[in-house]
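Owing to the predicted nature of the structure, the values given are computational and were not obtained by experimental measurement. The first residue in the sequence is number 1, and the count goes up from there.
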Amino acid sequence: MKRLLISLLCGLLLVSCCACRRAAETPDEAAYALYFMKSDLKEAPGSGALDTETVYLRDMEEAEPRQVAEALLTELLKGPLHEGLESPIPAGTVLLSLELEGSRALVDLSAAYGTLSGVALTLADYAVTLTLTQLPEISRVKITVRGQELAYRDKQTFAARDVLLAPEGDVVSTVTVTLYFLDADGALAGEERTLALYEGDTQVSAVVRALENGPESKDLSAAAPEGFRVKSAWLEEDVCYVNLSSALLEELPPETDLSPAIQALGRSLCSLETVGETCFLVDGEFANYYGAVHIAEPVTG
């Protein structure tokens, strides 16, 4: 995502309530807030990136807290009705289970949620957390994907107070890289860039983010198709590991050619002085292919 969104999340995420309602209020209905992301983030400063939409749940007076929490998440996953909001949670995400362990809600979601990373994952995590922690019985939320923790998260359990993030810091350092995009002939072409690194950034994450944001030159275009995302990326000694999502393949047209995206990622990451080679994983495991692209061999530049 763009630096605008990063700036918004690194400040205080204030929340206001939209007038949109899912149903008319009756004596048998209780009102709750569902947390979504504002569609136009350019207007977000001063009011935050997250906003709410009211939902009314019928016949919940005698329901167990777990049942109410399940109903709220079911509504959250449907997405907003208000045209000024959008869901930070990927379409097709399904609630697999929800259990209460004391005051902690254990939420397990389908594979589509695992395609998120970075700021997008943070937004989705807190949309779920803030929606559930409005219930007095829930103070913390743990979110897993098909029973597994997302290893690239900084933390696994969230509380509403965590949304009060530290202010954005200054640029910690910079790194010079060559990012690869497509030229007019459809061939990979390098674009020299100096990337800013903020607190919490790694050189690898900065490269991935810059590739997602696209080229600065008007003569170049993104090598990755629309909707393509990296699940996670990290460096071990001089080997960069890029984790891709199998669930993402189901969202892309079957004829999509992912080879340019894979090569652009590998060559861009190998342009870092700290990276000797780039290896690709699928859902955290070594694989021979990602879709139709052979990924068994590392990219060395």
Exercise for the section: Step by step, work out the side chain to side chain contact (heavy atoms under 4.5 Å, CB included) result for Leu248 and Phe228. Expected result: CA-CA 7 Å; Leu248 181 63; Phe228 178 85; 4.0 Å; yes
Exercise for the section: Take Leu50 and Phe36, measure what side chain to side chain contact (heavy atoms under 4.5 Å, CB included) needs, and give me the verdict at the end. Expected result: CA-CA 6 Å; Leu50 297 180; Phe36 297 107; over 6 Å; no
Practice task
Applying side chain to side chain contact (heavy atoms under 4.5 Å, CB included), run through Glu191 and Leu220 and close with a yes or a no.
Solution key: CA-CA 9 Å; Glu191 182 179 74; Leu220 300 176; 4.0 Å; yes
Practice task
Starting from the C-alpha separation in whole Å, work towards a yes-or-no answer on side chain to side chain contact (heavy atoms under 4.5 Å, CB included) for Leu109 and Val94.
Solution key: CA-CA 6 Å; Leu109 300 173; Val94 175; over 6 Å; no
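A donor-acceptor pair under 3.5 Å links the side-chain atoms of Glu53 to the main chain of His82, judged by distance alone. In this structure, the side chain of Thr278 does not engage the main chain of Pro298 through any donor-acceptor pair within 3.5 Å. Formation of a donor-acceptor pair under 3.5 Å by the Asn243 side chain with backbone atoms of Asp283 is found in this model. For the pair Thr131 (side chain) and Tyr35 (backbone), a donor-acceptor distance under 3.5 Å is present.
In this structure, OG1 in Thr274 is found 5.0 Å from CG in Leu235, a value given to the nearest 0.5 Å. Distance check, rounded to the nearest 0.5 Å: OG of Ser232 to CG of Leu121 gives 10.5 Å. Here CD of Glu297 is found 11.0 Å from CD1 of Ile295. Values are rounded to the nearest 0.5 Å. The OG1 atom of Thr157 lies 5.5 Å from the NZ atom of Lys142; values are rounded to the nearest 0.5 Å. Atom SG of Cys279 and atom CG of Leu269 lie 11.0 Å apart (nearest 0.5 Å). Taking CD1 of Ile143 as the start and CD of Glu149 as the end, the distance is 11.5 Å to the nearest 0.5 Å.
Here Glu75 pairs with Lys78 in a salt bridge; the nearest charged N to carboxylate O distance falls below 4.0 Å.
Between Arg267 and Val299, the closest side-chain pair of non-hydrogen atoms falls below 4.5 Å. At least one side-chain heavy atom of Val55 sits less than 4.5 Å from a side-chain heavy atom of Leu57. Between Val204 and Trp234 there is no side-chain heavy-atom pair separated by less than 4.5 Å. No side-chain heavy atom of Val242 sits less than 4.5 Å from a side-chain heavy atom of Leu281.
The ring-ring contact (aromatic ring centres under 6.0 Å, His included) analysis of residues 263-291, with sequence neighbours excluded, yields the pairs Tyr289-His294. Residue pairs meeting the side chain to side chain donor-acceptor pair (under 3.5 Å) criterion with at least one partner in residues 221-230, sequence neighbours excluded, are Thr115-Arg229.
A donor and an acceptor atom, one from each side chain of Ser271 and Ser268, are nowhere located under 3.5 Å apart.
In this structure, Pro90 and Thr93 approach most closely via the heavy-atom pair O-OG1, 2.7 Å. The shortest non-hydrogen separation linking Ala111 to Val145 is CA-CG1, 3.8 Å. Heavy-atom minimum distance, Ala210 versus Leu195: CB-CD2, 3.8 Å. The shortest heavy-atom contact between Ser87 and Gly79 is CB-CA, 4.3 Å. Between Gly214 and Arg193, the shortest heavy-atom contact is O-NH1, 3.7 Å. Shortest non-hydrogen contact noted between Arg140 and Ala159 is CG-CB, 4.3 Å.
Linking ILVMFWY residues whenever their side-chain heavy atoms come closer than 4.5 Å, directly or via other members, leaves Leu188 and Val275 in distinct clusters. Residue Tyr241 is not grouped with residue Leu272 when hydrophobic side chains (ILVMFWY) are merged at heavy-atom distances under 4.5 angstrom, including chains of intermediate members. If you chain together hydrophobic residues whose side chains sit under 4.5 Å apart, Leu96 and Leu132 never meet in one group.
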Please tabulate, for side-chain N and O atoms in residues 64-73, each donor-acceptor pair with protein atoms closer than 3.5 Å (sequence neighbours left out).
| unit_1 | atom_1 | unit_2 | atom_2 | d |
| --- | --- | --- | --- | --- |
| Arg66 | NH1 | Glu70 | OE2 | 2.7 |
| Gln67 | OE1 | Glu64 | N | 2.8 |

Side chains of residues 249-264: which donor-acceptor pairs under 3.5 Å do they make with residues two or more places apart or in other chains?
| unit_1 | atom_1 | unit_2 | atom_2 | d |
| --- | --- | --- | --- | --- |
| Thr256 | OG1 | Pro253 | O | 2.7 |
| Asp257 | OD1 | Ser259 | N | 3.0 |

Side-chain atoms of residues 98-108: list all donor-acceptor pairs with protein atoms under 3.5 Å, sequence neighbours left out, distances to 0.1 Å.
| unit_1 | atom_1 | unit_2 | atom_2 | d |
| --- | --- | --- | --- | --- |
| Glu101 | OE1 | Arg104 | NE | 3.4 |
| Glu101 | OE1 | Arg104 | NH2 | 2.4 |
| Ser103 | OG | Ser139 | OG | 2.9 |
| Asp108 | OD1 | Thr144 | OG1 | 2.8 |
| Asp108 | OD1 | Arg146 | N | 3.0 |
| Asp108 | OD1 | Gly147 | N | 2.6 |
| Asp108 | OD2 | Gly147 | N | 3.1 |

Without placing hydrogens or testing angles, list every side-chain donor-acceptor pair under 3.5 Å for residues 175-187, not counting sequence neighbours.
| unit_1 | atom_1 | unit_2 | atom_2 | d |
| --- | --- | --- | --- | --- |
| Thr178 | OG1 | Glu192 | OE1 | 3.2 |
| Thr178 | OG1 | Glu192 | OE2 | 2.7 |
| Asp183 | OD1 | Asp185 | N | 2.9 |
| Asp183 | OD1 | Gly186 | N | 3.1 |
| Asp183 | OD1 | Ala187 | N | 2.9 |

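Under a cut-off of 6.0 angstrom, the local environment of CD in Glu83 is sparse, with at most 12 non-hydrogen atoms contributed by other residues, nucleotides or ligands.
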